[in-house]
2 protein chains.
Amino acid sequence: MFQLDFKSGVPICDQIVNGFIKLKALGVLKGGDQLPSVRALASKFSVNPNTVQKSYAILEANGIIYSVKGKGSFISDDETSANAVLESAKREFIAAIKHATDLGLSTNEMINLIKQNSTAKEDT
Amino acid sequence: MFQLDFKSGVPICDQIVNGFIKLKALGVLKGGDQLPSVRALASKFSVNPNTVQKSYAILEANGIIYSVKGKGSFISDDETSANAVLESAKREFIAAIKHATDLGLSTNEMINLIKQNSTAKEDT
DNA sequence: TGAACTGTACTATTTCAATTAGTACAGTTA
DNA sequence: TAACTGTACTAATTGAAATAGTACAGTTCA
């Protein structure tokens with residue numbers, strides 16, 4: 001399970017969302033896996049249940065999980081979900097490219113930084 | 001001159017900082033060029049002078065401009081400044097790479113996105 | 001010298017999003 | 001029925017960002 005950084009300035013809500021996205025991308029969580037209940041996770045993180053619930057709502061809106069009233073929340077297993085995450089990752093990365101370009105970074109420098117820093121696989 | 005987006009959620013202060021960094025990276029502003037006075041820019045943007053002053057203080061702390069009491073604020077022309085901007089751009093881009101990796105983007109996909117989206121020059 | 005600029009410093013107030021707090025309702029399971 | 005689950009809603013709190021106002025110090029130029 002991921003951890004929260006209360007000093008980072010990043011909203012708790014977003015950190016929880018990103019935490020589950022990451023766990024799914026890494027394959028730690030797979031389709032059908034049940035998430036902790038809203039109340040259980042809130043208790044574990046010492047955070048308000050409403051904050052967790054908001055995170056779950058965002059995850060569901062993005063098709064990453066699905067929630068069933070009375071049963072719980074589960075990792076969705078359809079391709080759509082994985083694609084949605086990838087597409088949003090691409091959009092965010094493109095924004096980062098534009099920002100770096102604005103600051104004077106060349107394409108070659110960016111590519112070198114990727115080769116030096118990425119722990120991702122060569123192919124997907 | 002750049003524009004502000006009051007709806008973006010990005011602090012005004014940061015937008016002003018990034019605006020000048022961008023103008024310098026693009027070569028629109030060069031070493032020795034004088035910036036608008038704190039009060040003039042605040043008036044132009046319909047923003048509080050304190051907000052602009054905070055931006056200038058950040059720019060000066062990063063070596064991008066220098067301020068002289070009673071005279072004004074100027075773009076610094078030493079190499080240190082350009083390097084400082086590049087270094088911070090690199091740090092931000094590395095953070096973006098790690099985030100994208102977390103979300104499941106492969107190195108090849110990232111490199112392709114750069115080739116498709118960057119308007120930066122091949123070399124620096 | 002003095003008026004009109006410039007940057008800088010400081011405190012108080014306002015504003016707004018994020019979070020917290022509390023309660024309530026509905027569906028599932030045993 | 002009891003105990004769990006998600007969901008919905010309003011109100012209060014918190015903290016960062018921005019605003020407001022004032023004051024002081026250095027520069028420029030008539």
Side-chain angles (χ1 to χ4, degrees), chain A residues 1-20 24 29 31-77 81, chain B residues 1-21 29 31-77 81:
Chain A
M1 184 65 66
F2 51 90
Q3 292 196 328
L4 299 183
D5 182 353
F6 292 94
K7 304 177 230 163
S8 68
V10 179
I12 306 295
C13 178
D14 295 350
Q15 290 188 46
I16 294 174
V17 168
N18 289 331
F20 281 113
K24 189 174 182 184
L29 290 179
D33 285 355
Q34 182 164 10
L35 277 65
S37 78
V38 169
R39 292 168 178 83
L41 195 62
S43 168
K44 171 170 181 176
F45 282 150
S46 299
V47 146
N48 194 283
N50 291 328
T51 304
V52 176
Q53 203 247 312
K54 190 177 174 187
S55 303
Y56 280 19
I58 292 173
L59 286 166
E60 182 164 26
N62 289 333
I64 295 154
I65 69 172
Y66 63 93
S67 297
V68 183
K69 211 181 263 188
K71 294 191 72 176
S73 299
F74 308 85
I75 299 288
S76 53
D77 51 4
S81 144
Chain B
M1 184 64 68
F2 51 90
Q3 292 196 328
L4 298 183
D5 182 354
F6 292 94
K7 304 175 229 162
S8 67
V10 180
I12 307 294
C13 179
D14 295 349
Q15 290 188 48
I16 295 174
V17 168
N18 290 330
F20 281 113
I21 288 177
L29 291 178
D33 285 354
Q34 184 165 9
L35 276 66
S37 78
V38 169
R39 291 170 179 82
L41 195 63
S43 169
K44 171 170 182 176
F45 282 150
S46 299
V47 144
N48 194 283
N50 291 328
T51 305
V52 177
Q53 203 246 315
K54 189 176 172 188
S55 302
Y56 281 19
I58 292 173
L59 286 167
E60 182 164 26
N62 289 332
I64 294 155
I65 69 172
Y66 63 94
S67 298
V68 183
K69 211 179 262 187
K71 294 192 71 176
S73 300
F74 308 84
I75 299 287
S76 52
D77 49 6
S81 143

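Chain identifiers are assigned alphabetically (A, B, ...) following the order of the sequence lines, protein sequences preceding nucleic acid strands; residue numbering begins at 1 within each chain.
Among residues two or more places apart in sequence or in another chain, the side-chain hydrogen bond (donor to acceptor under 3.5 Å, both in side chains) test is passed with A:Ser67 by A:Ser73. With sequence neighbours excluded, no residue satisfies side chain to side chain contact (heavy atoms under 4.5 Å, CB included) with A:Asp77. Residues passing the side chain to side chain contact (heavy atoms under 4.5 Å, CB included) test with B:Ala42, sequence neighbours excluded: B:Pro49, B:Val52. Checked against side chain to side chain contact (heavy atoms under 4.5 Å, CB included), A:Asn48 has the following partners two or more places apart in sequence or in another chain: A:Asn50, A:Thr51. Listed by chain and number, the residues in a side chain to side chain contact (heavy atoms under 4.5 Å, CB included) with A:Lys69 amount to none (sequence neighbours excluded).
Side-chain atoms of B:Leu35 and B:Leu41, non-hydrogen and from C-beta on, never get closer than 4.5 Å to each other. Between A:Leu4 and A:Ile12, some side-chain heavy-atom pair lies under the 4.5 Å cut-off. Residues B:Val47 and B:Phe6 form a side-chain contact, since some pair of their non-hydrogen atoms from C-beta on lies under 4.5 Å apart.
At least one donor-acceptor pair under 3.5 Å links the side chain of A:Lys24 to the backbone N or O of A:Ser76.
Within 4.0 Å of B:Glu60, counting heavy atoms only, lie sugar-phosphate atoms of the nucleic acid but no base atom.
In this structure, A:Leu4 atom CG and C:dA18 atom P are separated by 16 Å, rounded to whole Å. In this structure, A:Ile65 places its CD1 atom 13 Å from C1' of D:dT5, rounding to the nearest Å. Atom CG of A:Leu41 and atom C1' of C:dT20 are 16 Å apart (whole Å).
Pairs passing the side-chain hydrogen bond (donor to acceptor under 3.5 Å, both in side chains) check and including a residue from residues 8-18 of chain B, sequence neighbours excluded, read B:Ser8-B:Gln15. Sequence neighbours left out, not one pair with a member in residues 53-66 of chain B passes side-chain hydrogen bond (donor to acceptor under 3.5 Å, both in side chains). The ring-ring contact (aromatic ring centres under 6.0 Å, His included) analysis of residues 33-54 of chain B, with sequence neighbours excluded, yields the pairs B:Phe2-B:Phe45.
When the nearest nucleotides of DNA chain C are assigned to B:Ala40 and A:Phe6 by heavy-atom distance, the more 5′-ward of the two goes with B:Ala40.
Of the side-chain N and O atoms in B:Ser67, none sit less than 4.0 angstrom from OP1 or OP2 of C:dG7.
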**From CA spacing to verdict: side chain to side chain contact (heavy atoms under 4.5 Å, CB included), B:Ile64, B:Ile58** = CA-CA 9 Å; B:Ile64 294 155; B:Ile58 292 173; over 6 Å; no
Table of protein N/O atoms under 3.5 Å from nucleotides 24-26 of chain D N/O atoms:
unit_1, atom_1, unit_2, atom_2, d
D:dG26, N2, B:Gly70, O, 3.2

Below 3.5 Å is the cut-off: list the nitrogen or oxygen pairs between protein and nucleotides 14-16 of chain D, distance only.
none

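For the contact set between residues 8-19 of chain B and DNA chain C, defined by any heavy atom under 4.0 Å, there are no members. DNA chain C lies under 4.0 Å from at least one heavy atom of each of the following residues of residues 45-56 of chain A: A:Val47, A:Asn48, A:Asn50, A:Thr51.
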